[in-house]
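Per chain, numbering begins at 1; letters A, B, ... match sequence-line order.
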There are 2 protein chains.
Amino acid sequence: MRLNSKSRYAVMALADMASFIDNKPVSLRDISLRQSISLQYLEQIFLRLKKNNIVKSIRGVKGGYVLTKDASTLKLSEIFSALDENVKTTGCDNNSKKGCNGRSTKCITHNLWDELDVHINAFFENKKLEDLIKN
Amino acid sequence: MRLNSKSRYAVMALADMASFIDNKPVSLRDISLRQSISLQYLEQIFLRLKKNNIVKSIRGVKGGYVLTKDASTLKLSEIFSALDENVKTTGCDNNSKKGCNGRSTKCITHNLWDELDVHINAFFENKKLEDLIKN
DNA sequence: ATATACCCGACTAAAATAGTCAAGTTTACG
DNA sequence: CGTAAACTTGACTATTTTAGTCGGGTATAT
């Protein structure tokens, strides 16, 4: 059970941004250097973050990105959902016509996976970006 | 963030076994039919379960597998670790000489991923196989 | 004997992952 | 005004992982 690197890098990059109090735009180039993440990969990630209103961009020289919310209110769950990192640990699907494992009925473990998803989501719901930089 | 099908099938198959009270051996063929899981894939899975002492095998006609423990004491975490489904959500590694993201220091989000792993593991530690079949 | 059922290594198609590449557009600043 | 810094975007790709299959075993109850 692994988290993908896009999500991980997103959290790293946003935590990096949040650790500067002044709200001057932060360039991806700087984040790239400080966090050892490929610039072009960051571009992909920030495109998604921007589309989901987690950051806004300022173009041109001295431009960069700024957080749209305060780090104390930005939930990690928002970041993950921006990157389509949906916590859906199995293919068991309530909504499809077919049930679990291609059958018409719920599989024996169906409720378990639902509970697991809820459990993990709760973790991300309760964590704020600020929690990462307080230490 | 997805769970792999080996782990999911393992839990399904063991829950299937546990739902029969008599401790007669259950053949993989029967599990395969009841749970719609490929017989040969089940063989792979049960090899691991056997090596990790979660089931024992009885060969020959009327053979099959039986649980080595009671369903009320078998933790899901044991099943997952048998399948090398280690809950290690990121590559951030405490033990390697290199730190996170190939650097010498802990990355800014390192503690977060540790907490996440602990959070998920706790879920599997507290769930017993019996919990799945009680409903 | 023989059918049933476990045993086990090797292989593979398809999907996901983790990026790179290339070609832009916008804007601050000298 | 020119230019460099920085964002924008779509397409592409090598590698790895996943989710199995294939095929040839071995053990044993009847």
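- Computed from coordinates, the B:Tyr41 OH to C:dT12 P distance equals 18 Å when rounded to whole Å.
- Note: CG (A:Leu47) to P (C:dG24) measures 18 Å, nearest angstrom.
- Not one side-chain nitrogen or oxygen of A:Tyr9 sits closer than 4.0 Å to the OP1 or OP2 atom of C:dA18.
- In this structure, CG of A:Leu49 is placed 14 Å from C1' of D:dT8, rounded to the nearest angstrom.
- The number of heavy atoms from other shown groups lying within 6.0 Å of NZ (B:Lys56) does not exceed 12.
- OP1 and OP2 of C:dC6 both lie 4.0 Å or more from every side-chain N or O belonging to B:Ser57.
- Residues A:Leu28 and A:Glu43 are in side-chain contact: their nearest non-hydrogen atoms beyond the backbone lie under 4.5 Å apart.
- Taking five base pairs at each end of the helix from C:dA1-D:dT30 to C:dG30-D:dC1, the local helix axes there meet at an angle of 10°, rounded to 10°.
- Straight-line distance from the CD atom of B:Glu43 to the C1' atom of D:dA27: 14 Å, rounded to whole Å.
- As rounded to whole Å, 13 Å separates atom P of D:dT9 from atom CG of A:Leu28.
- Contact annotation: A:Lys50 reaches the phosphate of D:dT8 (side-chain N/O to OP1 or OP2, under 4.0 Å).
- In this structure, CD1 of B:Ile45 is placed 15 Å from C1' of C:dC6, rounded to the nearest angstrom.
- Phosphate contact (OP1/OP2 of C:dC7, side-chain N/O of B:Tyr65, threshold under 4.0 Å): present.
- Taking each heavy atom of B:Met17 and B:Tyr65 in turn, the nearest pair found is CE-O, 3.2 Å.
- A donor and an acceptor atom never sit less than 3.5 Å apart when one is taken from the side chain of B:Gln44 and the other from the base of C:dC8.
- In this structure, B:Gly60 and A:Gln40 both approach DNA chain C, and ranking their closest nucleotides by distance from the 5' end singles out B:Gly60.
- Minimum heavy-atom separation, A:Ile133 to A:Ala18: CD1-O, 3.6 Å.
- Two residues are said to be in side-chain contact when any heavy atoms from C-beta on lie closer than 4.5 Å; B:Thr109 and A:Leu132 meet this criterion.
- In this structure, B:Arg59 places its CZ atom 16 Å from C1' of C:dT2, rounding to the nearest Å.
- Listed pair B:Ser38 / D:dT21 meets the phosphate criterion, a side-chain N or O lying under 4.0 Å from OP1 or OP2.
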Test log, rule side-chain hydrogen bond (donor to acceptor under 3.5 Å, both in side chains), inputs A:Thr73 and A:Asp70:
CA-CA 6 Å; A:Thr73 61; A:Asp70 193 84; 5.5 Å; no

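- Residue A:Ser27 places no side-chain N or O under 4.0 Å from the OP1 or OP2 atom of D:dC7.
- Considering only heavy atoms from C-beta on, B:His110 comes within 4.5 Å of B:Cys107 through its side chain.
- A:Val26 comes within contact range of the sugar-phosphate backbone alone, with a heavy-atom separation under 4.0 Å but no base atom that close.
- When rounded to the nearest whole Å, the span between CG of B:Leu39 and C1' of C:dC6 equals 10 Å.
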